[in-house]
Structures are given as structure tokens and as C-alpha cells.
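Hydrogens, waters and symmetry mates are skipped; everything else that's a heavy atom, side chains included, is used.
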Amino acid sequence: MRIKEKIEQSSSIIIAGHVNPDGDTVGAGLSLLLGLENKYPEKKIDFVLQDSVPKNISFLKGTEKIKKVEDIINPNYDLAIFVDSATIERVGKVEGLMGNAFKINIDHHISNPKYGDINIVKDISSTSEMMYSILKELEIEITLEMGEAIYLGLVNDTGNFAHSNVTDKTFLVASELMKLGVNNNKIVNDFFKTKSFQRMKVLGKALSEMVFVEEKKLMYFNLSYEGLKSLNAMKDDTEGVVEELVNYSDSEVSLFLREDEIGKIKGSMRSKHNVDVNRIAGLFGGGGHIKAAGFTTELSPEEIIKRVVENL
Ligand SMILES: [Mn+2]
């Protein structure tokens with residue numbers, strides 16, 4: 001396997017996940033970090049994220065080893081391994097640490113343009129599910145800590161094994177992880193049932209202010225910067241809103257717009273059945289999966305909603 005050779009030839013490795021990290025990017029990156037550290041104690045290996053690990057993920061053992069960009073004083077890496085990042089830009093400021101490092105791109109987004117020198121891009125539930133197989137191929141023993149990280153990645157990207165991206169293989173991986181001792185109930189409780197007060201309030205605001213566009217079966221909610229601040233909430237507190245919007249019986253697609261800073265909008269979309277939201281997100285320079293995608297734009301919320309409606 002070429003990536004095994006590359007890893008063995010490298011003495012200094014950076015693992016990079018995407019900005020606003022989720023359970024999959026953390027699960028995949030952390031399991032790889034712990035596995036490489038165990039197998040190659042002589043190598044310098046850093047898992048670096050631009051943003052902090054969200055509270056409901058930081059219960060995973062090993063997350064305290066994850067570094068921030070400002071922790072890296074003299075970056076000098078031979079090898080960069082991207083996890084769960086559909087474009088190079090998705091890793092944010094971490095890209096600036098990579099210099100001329102050889103790039104391995106491990107991802108499951110169909111929109112991924114294969115920007116690496118080696119690309120392992122598959123249409124599969126999660127990068128964490130891919131990582132399980134990659135670790136096996138690297139002949140790295142999967143410990144309980146690694147298994148918990150991978151399991152959380154599966155839970156994150158499959159909506160706790162509910163989405164259409166779940167295959168028999170996904171369950172096989174979950175089963176193998178439970179055999180290692182992973183406690184599924186504990187992980188689900190720690191991950192889902194630990195929402196902050198602000199997060200509950202954001203959800204409440206979304207449910208009371210959402211708008212349904214009957215002819216397109218689109219449910220949308222637009223959260224302004226002031227709206228977020230008025231609830232004392234942060235970006236993390238909006239997790240799960242877009243999934244909730246598509247729960248309405250008559251909706252086929254949901255759109256959640258969040259103003260991250262004045263004039264900069266982050267859009268997220270979900271599809272219940274056949275609508276391809278990867279295509280719609282692509283209209284704004286974003287992408288992801290057929291049933292889950294996102295984008296960032298400087299267009300106004302009104303313009304975004306108009307274009308989404310026109311193109312559905
Ligand atoms: Mn993912």
C-alpha cells in the first residue's frame with residue numbers, strides 16, 4: 001500500500017481536519033494519530049485543527065493531544081494527511097503549516113476534487129469508516145480509544161445509523177468496534193444528550209421562525225449574526241438545526257443559513273429523498289454529499305434563498 005510506504009519514509013507528519021470540526025473529522029484524525037503514535041513512536045506526528053474540538057466530542061480520550069495552529073512553532077513536515085476535508089481550503093489556517101509536504105487526501109465527499117498526491121476518496125458513510133479499513137491495511141492495532149473515536153465518527157455522519165449512507169459494511173465496522181469494548185450507549189449519550197442551553201434556544205428559535213416554501217417542499221431558517229448574539233450563542237450551538245428542519249413531514253429539503261460575520265453566510269442543506277443538495281451547494285461554490293452539503297458565500301440571505309428556490 002502506497003500510503004504505508006509514504007508514512008514509513010516520513011519522519012514528521014501532520015494530520016489535518018476541517019474547520020469547525022465535527023465527530024467524523026475528529027474521529028478519523030484522532031484514531032489515525034493514536035494509531036501512528038503507537039506503531040511509530042520515533043516519528044513526530046501532529047493532528048492540527050484550526051478550531052477547538054466541540055464540547056460534546058472532547059470526552060473522547062486523546063482529544064487533549066489535538067493541536068491548534070498557534071501551538072506549532074517550527075512547522076517542518078514531510079507528509080500531510082488530510083481527513084474528511086473536501087477541499088484543501090477546508091482545513092483553514094492549517095494549510096499554512098504544510099510547506100511542500102507530500103499530500104494524502106482521505107475523504108468521503110463526492111465533491112472532492114482529489115487534490116492530494118495520493119487520494120483515497122470513496123462514497124462511503126464517513127471518513128471514520130474508511131479509516132477503520134485503512135488502519136487495518138496499515139497493520140495498526142485498533143485500541144479501545146481509537147475504536148471510540150471511529151465509532152463517534154460513524155454516529156456523527158450517519159445520524160446514529162439512520163441516514164441512507166449506512167451500509168451493511170458500516171454495521172460490520174460498528175460491530176467490530178463494540179467487540180473491542182466500545183460502549184455505544186455511552187457515546188450516544190455523551191455526544192447527543194449534552195446540548196448546551198444556548199443550543200436548545202437556537203433550535204427553539206429555528207423551529208419557531210422557520211419558513212416553508214410549499215411548491216419546492218423547502219424548509220429554511222436564516223439566523224443573522226445579531227440573532228446568534230442575542231441568544232448568547234456561538235457557531236457550535238447551531239449544530240443539528242438543518243437536520244431538524246427536514247424532519248417536517250412535507251419537506252423534502254432543508255436550508256439553514258447562518259451569518260458567521262457581517263456579510264459572510266454559511267449555508268447547510270439536507271435532503272430527505274431525491275433532491276441533490278450537492279448540486280445546489282455547488283451553485284455557491286460549495287459541495288458535499290447528495291443528501292448533505294454546504295457552502296459559504298457573501299451573497300445576501302434573500303439572494304441565496306431566491307437562487308435555491310429557482311434551482312430546486
Ligand atoms: Mn464526514
Side-chain angles (χ1 to χ4, degrees), residues 1-4 17-18 22-32 34-35 57 60 81-86 104-112 114 118-193 240 242-243 246-247 252-254 269-279 287-294:
M1 192 189 192
R2 279 178 71 208
I3 86 162
K4 187 159 191 260
H18 60 74
D22 63 6
D24 188 32
T25 208
V26 173
L30 182 59
S31 58
L32 180 61
L34 298 175
I57 297 176
L60 285 176
I81 305 178
F82 290 73
V83 292
D84 201 38
S85 302
I104 297 177
N105 166 20
I106 302 176
D107 186 35
H108 71 127
H109 295 91
I110 53 167
S111 59
N112 191 304
K114 304 197 173 160
I118 296 178
N119 299 284
I120 309 177
V121 178
K122 290 185 184 163
D123 188 7
I124 193 170
S125 78
S126 53
T127 306
S128 297
E129 184 179 332
M130 289 174 70
M131 193 57 75
Y132 180 84
S133 311
I134 290 170
L135 289 164
K136 292 266 174 193
E137 285 171 44
L138 292 172
E139 297 171 295
I140 290 175
E141 191 196 341
I142 297 177
T143 62
L144 178 57
E145 286 74 23
M146 292 160 65
E148 287 174 337
I150 296 170
Y151 196 91
L152 179 64
L154 296 180
V155 165
N156 187 103
D157 273 24
T158 62
N160 203 11
F161 303 96
H163 297 335
S164 60
N165 57 7
V166 173
T167 63
D168 56 337
K169 179 77 201 311
T170 316
F171 280 114
L172 269 180
V173 171
S175 168
E176 290 296 325
L177 297 175
M178 287 187 75
K179 277 190 217 161
L180 281 175
V182 171
N183 182 334
N184 73 315
N185 184 245
K186 181 183 180 302
I187 288 186
V188 168
N189 281 342
D190 287 351
F191 182 55
F192 287 116
K193 299 183 182 176
V242 71
E243 286 84 6
V246 84
N247 282 347
E252 281 295 328
V253 56
S254 64
M269 298 190 74
R270 295 293 182 272
S271 162
K272 198 183 280 175
H273 297 108
N274 302 319
V275 176
D276 179 357
V277 292
N278 179 56
R279 177 180 66 83
H289 311 281
I290 288 170
K291 293 193 172 188

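Atom CD1 in Ile150 sits 8.0 Å away from atom CE in Met131 (nearest 0.5 Å). A distance of 7.0 Å separates CG in Asn156 from CZ in Phe192, rounded to the nearest 0.5 Å. Rounding to the nearest 0.5 Å places CG of Leu135 at 5.5 Å from CD1 of Ile140. Taking OG from Ser125 and NE2 from His289, the interatomic distance works out to 9.5 Å, rounded to the nearest 0.5 Å. Annotation: the span from Asp190 atom CG to Ile57 atom CD1 amounts to 11.5 Å, rounded to 0.5 Å. The structure places CG of Asn184 at 8.0 Å from CZ of Phe161, a figure rounded to the nearest 0.5 Å.
For the pair Lys122 and Glu129, the salt-bridge criterion is not met [side-chain N within less than 4.0 Å of a carboxylate O].
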Pair Leu177, Tyr132 - check side-chain contact (heavy atoms from CB on, under 4.5 Å), show working.
CA-CA 9 Å; Leu177 297 175; Tyr132 180 84; 3.9 Å; yes
Item to complete: Could you walk me through whether Val246 and Val253 pass side-chain contact (heavy atoms from CB on, under 4.5 Å), step by step?
Response: CA-CA 6 Å; Val246 84; Val253 56; 5.5 Å; no
inquiry  = Assess the residue pair Lys4 and Glu139 against the criterion (salt bridge (Lys or Arg N to Asp or Glu O under 4.0 Å)); give the C-alpha distance rounded to whole Å, side-chain angles, the decisive distance to 0.1 Å, and a yes or no.
reply    = CA-CA 9 Å; Lys4 187 159 191 260; Glu139 297 171 295; 3.1 Å; yes
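A donor-acceptor pair under 3.5 Å links the side-chain atoms of Ser254 to the main chain of Val242, judged by distance alone. The main-chain N or O of Phe171 is never found under 3.5 Å from a side-chain atom of Ser175 such that the two would form a donor-acceptor pair.
Shortest non-hydrogen contact noted between Ser111 and Gly288 is OG-N, 3.1 Å. Between Leu144 and Val182, the shortest heavy-atom distance links the atoms CD1-N, 3.6 Å. Between Ser128 and Ala28, the closest heavy-atom pair is OG-N, 3.3 Å. Across all their heavy atoms, Lys272 and Lys291 have their closest contact at O-NZ, 3.4 Å. Closest approach of Met130 and Ile106 over heavy atoms only: CE-CG2, 4.0 Å. Residues Gly153 and Ser126 share a closest heavy-atom pair of O-CB, 4.0 Å.
Annotation: side chain of Ile142 is in contact with side chain of Lys136 (closest heavy-atom distance under 4.5 Å). Two residues are said to be in side-chain contact when any heavy atoms from C-beta on lie closer than 4.5 Å; Val26 and Leu152 fail this criterion. Residues Asn105 and Ile118 fail the side-chain proximity criterion, which asks for heavy atoms closer than 4.5 Å. Under the 4.5 Å side-chain criterion, counting only non-hydrogen atoms from C-beta, Asp22 is in contact with Asp84. For the pair Thr127/Thr25, no side-chain contact is recorded, criterion being any heavy-atom separation below 4.5 Å from C-beta on. Put simply, the side chain of Val277 does not reach to within 4.5 Å of the side chain of Arg270, judged on heavy atoms.
There is no side-chain donor-acceptor pair under 3.5 Å between His163 and Asn165. Checking Asp157 against His108 by side-chain atom types alone, a donor-acceptor pair falls below 3.5 Å.
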